[in-house]
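Have a look at the structure below, then the notes.
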There are 2 protein chains.
Amino acid sequence: MQGSPNKARTAHQQSYEALRDMILNGTIAQGTKLVEEKLAAEFNLSRTPIRESIRKLEQEGLVVNKRVVKLSESDLRNTFELRKLLEGHAARSAAIYLSEKDLLRLERCVEVGRSGTLNEIMEVNKEFHEIIMHASNNPLMIDVFDRMQSVIYLFRHTVVYYHRPFLIDEHQRIFEAIRAHDSDTAEQLMKEHLQADLDFCLHLIR
Amino acid sequence: MQGSPNKARTAHQQSYEALRDMILNGTIAQGTKLVEEKLAAEFNLSRTPIRESIRKLEQEGLVVNKRVVKLSESDLRNTFELRKLLEGHAARSAAIYLSEKDLLRLERCVEVGRSGTLNEIMEVNKEFHEIIMHASNNPLMIDVFDRMQSVIYLFRHTVVYYHRPFLIDEHQRIFEAIRAHDSDTAEQLMKEHLQADLDFCLHLIR
DNA sequence: ACATTTTGTATTGTATACAAAAACTTTTAT
DNA sequence: ATAAAAGTTTTTGTATACAATACAAAATGT
């Protein structure tokens with residue numbers, strides 16, 4: 001999909017992605033004011049495409065009032081509350097509708113989660129949740145989920161990096177509930193899983 | 001806050017609102033291609049602010065690929081599925097946390113819903129759902145809800161205009177469940193209420 | 001010393017011009 | 001007549017200039 005490092009992208013797309021990545025990996029610190037002209041100079045562009053990038057980042061919630069967000073504890077809580085709703089619902093759908101092919105993909109995510117490198121684990125963690133979210137079959141919900149990804153990323157980083165215990169065991173149990181078409185359990189386990197993520201994050205940031 | 005009809009809004013804010021309203025009330029037909037220069041001429045502005053307006057409408061889902069959306073049956077279903085999730089959850093919170101003041105406001109919405117003019121009914125219908133949504137106390141969810149408003153509006157119009165039966169009765173029962181702090185019932189009733197809305201809309205558009 | 005106005009500077013908002021790309025037409029070859 | 005190619009027009013993307021606004025600092029009066 002987006003894997004091809006296609007150079008035929010427009011300037012504002014490129015600068016958007018570059019800016020987003022810089023925010024996500026901390027190159028641009030939280031709270032920094034984004035000044036159009038400065039960034040334009042830095043990227044060797046005019047203000048016009050930079051402007052659009054910033055607007056998009058604002059829509060995503062990564063920029064508020066021209067400043068890079070400072071994520072607070074309540075942002076964390078709010079994000080996970082919404083995730084529990086969306087992904088809980090999606091897990092339920094997955095238990096009913098998920099294809100054989102996607103079941104195998106899920107299983108592989110669990111396996112790699114046990115044996116992979118740190119980067120691989122982060123990768124399959126993301127994939128695990130994506131596969132389930134897409135099972136909702138509701139493009140609107142998927143879109144909301146996608147919009148949250150950047151913010152989620154900032155947190156997920158900590159979760160995996162600090163090796164949260166039982167993370168993969170929880171994935172495994174969710175996977176099994178989905179495979180068994182047990183929708184109530186799948187939803188329940190997904191919500192508990194996200195709650196555990198939240199608790200772990202909260203524990204870390206204090 | 002925003003009640004003051006302040007004329008100190010920027011050009012792109014004004015053109016955004018104007019465009020949105022034109023789409024919502026059908027002045028601009030669904031499927032119409034939005035051409036920046038044409039609109040700029042029409043509004044006596046340059047392309048720059050128009051561009052921003054269109055981008056924002058795209059984020060809201062009212063414009064796709066430079067064309068005004070044609071809402072399909074599955075858009076309708078997807079929207080209501082997400083609403084059930086968000087507003088069901090909010091109704092639950094409302095049953096637990098809603099203030100006396102907001103309870104009174106809710107009650108008034110039900111009353112005006114029985115006795116008001118068509119415009120008043122549409123107004124309080126919106127307010128009823130807003131009060132409950134805000135009880136979620138989750139700005140992120142409220143934001144998602146707000147973003148859906150334009151699309152919801154297009155549908156709500158039909159629902160009230162064609163006098164869906166039992167609409168106010170359902171509001172009344174939801175209100176009573178909230179007042180009684182019965183969160184399970186409140187959530188359940190809200191979901192049923194939205195499902196009934198959906199069914200009514202589906203019935204109409206066929 | 002404190003509040004208030006004035007001035008200057010930084011930053012965003014808007015208009016305009018031109019280049020690149022996309023969408024349409026017409027022409028040409030099969 | 002149809003499909004490909006070339007050309008034409010429309011539309012979008014980007015750069016730049018200037019105007020309006022917001023912000024901070026200095027100056028002025030109390």
Side-chain angles (χ1 to χ4, degrees), chain A residues 1-23 27-70 143 147 150, chain B residues 1-23 27-70 143 147 150:
Chain A
M1 302 280 146
Q2 72 205 78
S4 61
N6 187 353
K7 58 180 69 175
R9 289 170 306 161
T10 60
H12 70 263
Q13 285 169 327
Q14 288 178 252
S15 61
Y16 159 74
E17 285 164 25
L19 273 173
R20 187 196 54 193
D21 292 347
M22 288 167 84
I23 292 172
T27 308
I28 303 180
Q30 298 194 355
T32 307
K33 176 145 195 218
L34 298 183
V35 176
E36 296 175 3
E37 225 164 350
K38 262 187 196 136
L39 295 170
E42 195 168 331
F43 286 101
N44 255 297
L45 290 169
S46 78
R47 275 175 53 209
T48 312
I50 298 292
R51 233 176 134 63
E52 283 194 35
S53 306
I54 293 179
R55 283 303 193 320
K56 197 159 179 210
L57 291 166
E58 268 169 349
Q59 295 283 353
E60 258 182 22
L62 275 185
V63 170
V64 175
N65 224 338
K66 272 113 222 241
R67 304 196 105 89
V68 176
V69 275
K70 278 199 174 115
D143 195 61
R147 273 216 188 74
S150 297
Chain B
M1 295 283 144
Q2 71 204 79
S4 60
N6 188 354
K7 57 180 71 178
R9 289 172 305 162
T10 60
H12 69 264
Q13 285 169 326
Q14 288 179 252
S15 61
Y16 159 74
E17 285 164 26
L19 273 173
R20 187 196 54 192
D21 292 346
M22 288 168 83
I23 292 172
T27 308
I28 303 181
Q30 299 195 352
T32 308
K33 176 145 196 219
L34 298 182
V35 176
E36 296 174 4
E37 227 165 346
K38 262 187 196 137
L39 296 170
E42 195 168 331
F43 285 101
N44 256 300
L45 291 170
S46 77
R47 274 176 54 209
T48 312
I50 298 293
R51 231 176 134 64
E52 282 195 38
S53 305
I54 293 178
R55 283 304 193 317
K56 197 162 180 206
L57 291 166
E58 268 169 348
Q59 295 282 354
E60 257 183 20
L62 276 185
V63 171
V64 175
N65 221 340
K66 274 116 222 237
R67 305 195 105 89
V68 176
V69 275
K70 277 197 176 117
D143 195 62
R147 272 216 188 76
S150 296

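None of the values given here were measured: they were computed from a predicted structure. Naming convention: chains lettered A, B, ... in sequence-line order (proteins, then strands); numbering from 1 in each chain.
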Compare the minimum distances between each of C:dG13, D:dG13, C:dT11 and the side chain of B:K66, then state the nucleotide with the smallest one.
D:dG13

Look at A:H12 and D:dT14 and indicate whether a side-chain polar atom (N or O) is within less than 4.0 Å of OP1 or OP2.
yes

Does B:R51 make a side-chain N or O approach to OP1 or OP2 of D:dG13 shorter than 4.0 Å?
yes

Provide, to the nearest angstrom, the distance between the CZ atom belonging to B:F43 and the C1' atom belonging to C:dG13.
18 Å

Against the side chain of A:S46, the closest entry in C:dG13, D:dT16, D:dT12 is D:dT16

Which of D:dA17, D:dT12, D:dT14 is nearest the side chain of A:P49? It is D:dT14

Which part of the nucleic acid, if any, lies within contact of B:E36, taking any heavy atom under 4.0 Å across all strands shown: a base, the sugar-phosphate backbone alone, or nothing?
sugar-phosphate

Residue mapping more 5' on DNA chain C - nearest nucleotide basis, B:K33 or B:E52:
B:E52

Just so I know, are the side chains of A:H12 and A:R51 near enough to count as touching, which here means a heavy-atom distance under 4.5 Å?
no

Side-chain contact, heavy-atom cut-off 4.5 Å: A:I54 with A:L39?
yes

Whole-Å gap separating C1' (C:dA10) and CD (A:E37)
9 Å

Base, sugar-phosphate, or nothing for B:I50, non-hydrogen atoms under 4.0 angstrom?
nothing

What's the verdict on side chain to side chain contact (heavy atoms under 4.5 Å, CB included) for B:I23 and B:V63, showing C-alpha distance, side-chain angles and the deciding distance?
CA-CA 9 Å; B:I23 292 172; B:V63 171; 4.2 Å; yes

What's the CD-P distance between B:Q13 and D:dT21, to the nearest Å?
12 Å

Where the side chain of B:V35 is defined as all heavy atoms beyond and including C-beta, which of D:dT14, C:dA15, D:dT11 is the nearest nucleotide?
D:dT11

With distance as the sole test, does B:R67 use its side chain to make a donor-acceptor pair with the main-chain N or O of B:G31 at under 3.5 Å?
yes

In whole angstrom, give the distance that lies between atom CD1 of B:I54 and atom C1' of D:dT11.
11 Å

Of B:E36, B:E52, B:E37, which meets side chain to side chain donor-acceptor pair (under 3.5 Å) against B:R47?
B:E36

Interatomic distance, B:R9 CZ vs D:dA22 C1' [rounded to whole Å]
20 Å

Nucleotide nearest B:R47 when distance is taken to its side chain, options D:dT11, D:dT12, C:dA15:
D:dT12

By the 4.0 Å heavy-atom rule, please label B:L34 as base, sugar-phosphate, or nothing.
sugar-phosphate

For B:K38 and for B:T48, locate the closest nucleotide of DNA chain D by heavy-atom distance; then report the residue assigned to the nucleotide nearer the 5' terminus.
B:K38

Roughly how many Å is it from CG in A:L39 to P in D:dA15, rounded to a whole number?
14 Å

The single option from B:E60, B:R55, B:E58, B:R147 that satisfies side chain to side chain donor-acceptor pair (under 3.5 Å) with A:Q59 is B:R147

Which of the following nucleotides, D:dG13, D:dT12, C:dT14, is nearest to the side chain of B:R55?
D:dG13

Spacing between A:N65 atom CG and C:dT11 atom C1', to the nearest angstrom
13 Å

Looking at every strand, decide which applies to B:R67 at a 4.0 Å heavy-atom threshold: base, sugar-phosphate, or nothing.
nothing

